[in-house]
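Down below is the structure, laid out as structure tokens.
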Amino acid sequence: EERRRAACSPAAASVAVVAAVVCLGVVAVGDQLRPTLRRSLTLHAMPRAVVDAALSAEACVNPMVSSRSFWTGPRPLVVQWEDELRGWELLQVTDLQRHGDRWLYRHDIVGNVCWPKQLNSSAQALATECGFDRDSLWQQFPREPDPYSSPAEGNCDLMQITLSGLRHARRLGKLLASEYAKGGRHPLKGLASTGCAPGTVSLASDAVEKNERTAEEVYTGLCGWAPTLEEFPAESVLLNRTGMGPGTPLWLLPGVCGGAALEAYGHEASSALRESAEWTTEVRSLVEEASALNGHPVPDKVADYRPFLSALIDCTVCHACLDLDDAPRKLLNDQGLPDGHGLFGRMDRAETAGVLWPLEYFRARSASDLHRYARLQHGAYFAALGDRMQAAVDSARRGDSWHDAPEVFIEVMSDTDISPHLFLLGLTEDAAVRPQWLATLITELWVRGSGANASFAVRVLYNGLVRKPCPKQKGCLCPWESFREMLKRLTPEEEECRPFYDNFQ
């Protein structure tokens with residue numbers, strides 16, 4: 001930032017060409033001028049010596065990012081998956097992912113005190129990680145004091161994406177580009193090696209800084225330049241939780257259907273959790289262990305057990321993965337990072353089970369109850385996913401241009417949005433653990449042949465590994481007809497979800 005300011009000062013007039021490029025935020029690409037990331041100098045000027053601790057723990061960041069590889073499985077298995085795709089061509093990609101590395105949420109249940117003598121964002125390690133302009137392309141985010149640093153102001157804002165989070169998000173975008181846009185075996189139509197043709201990429205994000213900045217960086221890594229307001233206006237990108245007008249990504253909002261039936265389901269599941277032997281005994285035992293570590297009393301209400309565990313998990317991840325060396329040793333592995341195979345891992349699974357409790361509860365009662373609740377609470381997402389995939393299938397069968405609609409959909413949400421979708425796709429083991437920063441659930445649509453005789457199939461990936469959501473699926477591909485039937489079971493009827501269908505485009 002200091003170099004940028006110097007280059008843009010009046011004293012730099014003698015280097016007018018450099019100043020024009022840096023200050024105006026443009027860079028030559030072929031014979032065109034394209035906008036670059038407004039903060040790219042900050043990203044690229046970061047010293048190599050800065051510790052990238054998040055790359056070393058499975059509880060911190062998507063292993064695709066840590067391994068710098070689109071694929072995270074054994075090479076022979078990856079070769080097998082590639083062989084299964086011979087003769088197929090990629091039509092569409094949906095990437096539902098978590099945001100990048102960030103600072104803490106507010107946790108009032110522990111008074112915003114992680115544990116006795118906690119370090120906080122006043123630490124020097126966080127000065128670089130949080131010391132940059134927070135504003136996204138779409139919104140301004142004013143600086144606010146960090147309650148964990150009180151009475152000091154601290155370097156980070158609550159939920160602020162860190163510099164490592166920006167770098168990791170950019171890296172993830174480049175990994176997507178390496179597979180989908182830059183000379184891979186099955187490059188997307190319309191995505192050249194120099195960037196993304198207008199209209200080929202769709203962005204959607206929760207309207208908070210960490211998500212918006214992640215969306216910017218993933219797009220920049222994928223396409224080679226930053227998104228623009230002209231192509232991506234705020235109203236089409238940001239999930240406004242209070243205003244669900246036409247053209248907004250309202251399918252990302254859990255519970256968008258609303259109504260008395262969904263409310264009744266919610267009350268029933270909450271009552272059942274409070275009376276559950278699992279939560280009143282096993283989970284309480286974990287909460288008591290957490291209390292001994294963070295110095296806060298065990299909550300009186302069973303309903304508060306999950307947020308109590310969530311606070312300790314969030315504190316541990318943010319501190320250990322961002323190089324604050326003060327988390328309780330019982331929660332860490334030998335490298336000083338969150339131990340997914342020890343006490344931290346047990347707490348993580350218990351807290352995530354709380355996120356998934358309504359789904360588990362209604363599944364245990366009957367398949368029809370599970371599907372009815374899922375349609376009302378999460379079905380809008382599957383309705384939108386099925387709609388865009390069916391549109392691509394219909395277009396390919398007619399022989400239409402594949403540029404009539406986006407081919408890559410990037411949707412940036414949070415862990416509590418991704419976990420239920422993993423569960424409902426039958427990926428229960430993946431769903432049992434909180435998705436890491438930048439975790440990616442990718443749904444690919446493939447075609448073989450053309451016109452009325454074309455065949456279609458779906459491949460689902462989670463964090464660089466092929467998953468098999470369809471019944472009796474053996475290879476990496478699921479027939480489109482089977483996947484579509486699964487989506488239909490999770491899609492609400494119009495009369496069940498008027499708020500969604502009245503506004504969905």
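For the numbers below, each heavy atom of this structure counts, side chains included, while hydrogens, waters and symmetry mates do not.
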Kindly give the heavy-atom pair with the smallest separation between [X] and [Y], and that separation in Å.
X	Y	result
Asn155	Ser121	ND2-O, 2.6 Å
Pro435	Asp415	CD-CB, 3.7 Å
Gly73	Val78	O-CG2, 3.9 Å
Leu222	Val408	CD2-CG1, 4.2 Å
Val256	Cys497	CG1-SG, 4.3 Å
Trp357	Trp279	CE3-NE1, 3.8 Å

- Could you give the distance from CG (Leu172) to CD (Glu217), rounded to the nearest 0.5 Å? 11.0 Å
- Straight-line distance of Arg68 CZ to Ser178 OG, nearest 0.5 Å: 12.5 Å
- Using atom types as modelled and distance alone, determine if a side-chain donor or acceptor of Ser291 lies under 3.5 Å from a backbone N or O of His296. yes
- Looking only at atom types and distance, does a side-chain atom of Asn333 sit under 3.5 Å from a main-chain N or O of Gly336, one as donor and one as acceptor? yes
- Kindly indicate, with the supporting measurements, whether the criterion side chain to side chain contact (heavy atoms under 4.5 Å, CB included) is fulfilled by Glu289 and Arg346. CA-CA 11 Å; Glu289 290 190 71; Arg346 297 200 304 276; 4.1 Å; yes
- Query: Taking it one step at a time, do Lys210 and Trp103 satisfy side chain to side chain contact (heavy atoms under 4.5 Å, CB included)?
  - Reply: CA-CA 9 Å; Lys210 58 185 173 58; Trp103 184 235; over 6 Å; no
Can you tell me if [X] has over 12 outside heavy atoms packed within less than 6.0 Å of its [atom1]?
X	atom1	result
Glu288	CD	yes
Asp108	CG	yes
Asp304	CG	yes

Do [X] and [Y] come within less than 4.5 Å of each other through their side chains, counting heavy atoms only?
X	Y	value
Phe308	Met347	no
Val412	Asp206	no
Phe344	Val317	yes

- Message: Pair Arg171, Lys174 - check side chain to side chain contact (heavy atoms under 4.5 Å, CB included), show working.
- Response: CA-CA 5 Å; Arg171 183 182 302 168; Lys174 290 181 178 180; 5.5 Å; no
For the residue pair [Y] / [X], report whether a side-chain donor-acceptor contact shorter than 3.5 Å exists.
X	Y	value
Ser414	Thr416	no
Asn463	Gln436	yes
Thr443	Thr94	no
Ser271	Arg274	yes
Asn211	Ser205	no
Asp326	Trp115	yes

- Query: Is the His378 to Trp251 ring centre distance short of 6.0 Å?
  - Reply: no
- Message: Please confirm whether the ring centroid of Tyr361 lies under 6.0 Å from the ring centroid of Tyr373.
- Response: no
- Query: Could Glu209 and Arg102 be called an ion pair, given the rule that one side-chain N must be under 4.0 Å from one carboxylate O?
  - Reply: no
- Item | Salt-bridge present (Arg388, Glu411; N to O < 4.0 Å) | yes
- Item | Option among His107, Arg434, His319 that satisfies the side chain to side chain donor-acceptor pair (under 3.5 Å) test with Asp314 | His107
- Message: Applying side chain to side chain contact (heavy atoms under 4.5 Å, CB included) to Gln139 and Leu238, what does each step give before you reach the verdict?
- Response: CA-CA 10 Å; Gln139 294 192 84; Leu238 302 184; 3.7 Å; yes
